[in-house]
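As a basis for the values below, the full set of heavy atoms in this structure was taken, side chains included, without hydrogen atoms, waters or symmetry mates.
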Amino acid sequence: MKNYSEKIRKIALLGILGALALVLSFTESLIMPETTFLPLGAKPGLSNIVTMLVTESMGFFGGLYIVLLKAVFALVTRGGTAGLMSLSGGLLSLSVVALMLKINCRSITMTGIGVLSSCAHNAGQLIVSCILTGTYALINYAPFLMLFGIVTGVITGMILQTVLPKIKKAAALSF
């Protein structure tokens, strides 16, 4: 019976964390209007904190659930292009996070993983943008996106690195 109870607990937790990712994503869209000084469409990626947390604690498929949930949310609320952009960036980002966690290199912190993840997300979206528009000159936008990815990756990674031990301790999470 304990095994069944543990599965239910993990599913419930995944649902709660999925809802948190959607709230963070939606909140970003409210506070990051397209008229800011940031690169077009750029957001801090706060919901990536949840993706990294779930991937670290529940594995690749938990992270995949969060990525797919966010992509469907973007599709429903902002249209097909937004859904595809979310999916492409999210899958590449998730792959990098999962790979870095699997390598388990002690020299890379969650902050480092956050930076790699953010840059991978931006790269995935940039590649899809080039394909969708047929305008490969968009690659010239890469340095700005990568710089923004480094800054936001540091922020999201540091947040996760700070709160992860506290979350696990407070909730007595054992994944």
Side-chain angles (χ1 to χ4, degrees), residues 14-15 17-56 58-103 108 110-160:
L14 193 56
L17 291 171
L20 176 61
L22 295 182
V23 167
L24 288 171
S25 181
F26 180 72
T27 302
E28 277 183 340
S29 66
L30 294 177
I31 62 174
M32 300 301 295
E34 300 293 335
T35 58
T36 64
F37 64 93
L38 299 173
L40 183 63
K43 294 187 286 187
L46 295 175
S47 65
N48 193 42
I49 296 168
V50 177
T51 305
M52 290 190 300
L53 168 67
V54 170
T55 305
E56 191 274 339
M58 295 183 179
F60 177 82
F61 289 106
L64 181 61
Y65 166 79
I66 300 296
V67 167
L68 294 175
L69 183 66
K70 291 184 341 184
V72 168
F73 180 73
L75 172 73
V76 169
T77 59
R78 292 177 281 150
T81 302
L84 186 58
M85 298 296 276
S86 176
L87 182 64
S88 63
L91 288 175
L92 192 54
S93 174
L94 171 64
S95 298
V96 167
V97 171
L99 180 64
M100 292 295 103
L101 291 172
K102 185 148 183 88
I103 290 172
I108 189 159
M110 277 297 173
T111 301
I113 293 174
V115 169
L116 294 172
S117 170
S118 181
C119 289
H121 195 282
N122 289 345
Q125 289 186 328
L126 188 58
I127 290 166
V128 169
S129 293
C130 288
I131 292 168
L132 288 176
T133 63
T135 308
Y136 296 96
L138 289 174
I139 292 297
N140 295 326
Y141 199 41
F144 301 107
L145 286 176
M146 292 307 122
L147 179 61
F148 188 69
I150 291 168
V151 171
T152 59
V154 166
I155 293 167
T156 59
M158 286 176 70
I159 291 170
L160 181 58

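- Under the 4.5 Å side-chain criterion, counting only non-hydrogen atoms from C-beta, L92 is not in contact with Q125.
- Atom CG of L14 is separated from atom CD1 of I66 by 5.0 Å, given to the nearest 0.5 angstrom.
- Note that the OG atom of S47 and the CG atom of L17 stand 12.5 Å from one another [nearest 0.5 Å].
- Applying the 6.0 Å contact sphere to OH of Y136 captures more than 12 heavy atoms from other residues, nucleotides or ligands.
- Here the side chain of T133 pairs a donor or acceptor atom with the backbone of T135 at under 3.5 angstrom.
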Handout entry: Stepwise side chain to side chain contact (heavy atoms under 4.5 Å, CB included) check, V97 with E56
Key = CA-CA 8 Å; V97 171; E56 191 274 339; over 6 Å; no

Report, one line per pair, each donor and acceptor closer than 3.5 Å where one atom sits in a side chain of residues 71-91; sequence neighbours left out.
| unit_1 | atom_1 | unit_2 | atom_2 | d |
| --- | --- | --- | --- | --- |
| T77 | OG1 | F73 | O | 2.7 |
| S88 | OG | L84 | O | 3.1 |
| S88 | OG | M85 | O | 3.1 |

Practice task
List the steps and the verdict of side chain to side chain contact (heavy atoms under 4.5 Å, CB included) for M158 and M110.
Solution key: CA-CA 7 Å; M158 286 176 70; M110 277 297 173; over 6 Å; no

Exercise for the section: Dump the intermediate steps for side chain to side chain contact (heavy atoms under 4.5 Å, CB included) on L101 and T55, then the final yes or no. Expected result: CA-CA 8 Å; L101 291 172; T55 305; 3.9 Å; yes

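- In this structure, G45 and E28 approach most closely via the heavy-atom pair N-OE2, 2.6 Å.
- Rounding to the nearest 0.5 Å places CD1 of I131 at 11.5 Å from CG of L138.
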Donor-acceptor pairs under 3.5 angstrom involving side-chain atoms of residues 111-121: please list them, not counting sequence neighbours.
| unit_1 | atom_1 | unit_2 | atom_2 | d |
| --- | --- | --- | --- | --- |
| T111 | OG1 | Q161 | OE1 | 3.1 |
| S117 | OG | N48 | ND2 | 2.9 |
| S117 | OG | S93 | OG | 2.4 |
| S118 | OG | G149 | O | 3.1 |
| S118 | OG | T152 | OG1 | 3.0 |

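- If you take CE on M146 and OH on Y141, they are separated by 11.0 Å, rounding to the nearest 0.5 Å.
- Contact of the C130 side chain with the I139 side chain is registered, since non-hydrogen atoms from C-beta on lie closer than 4.5 Å.
- Distance CG/L24 to CG/L46: 6.0 Å, rounded to 0.5 Å.
- The side-chain heavy atoms of Y65 and V54, taken from C-beta on, include no pair separated by under 4.5 Å.
- Atom CD1 of residue I49 and atom CG of residue L160 lie 7.0 Å apart, to the nearest 0.5 angstrom.
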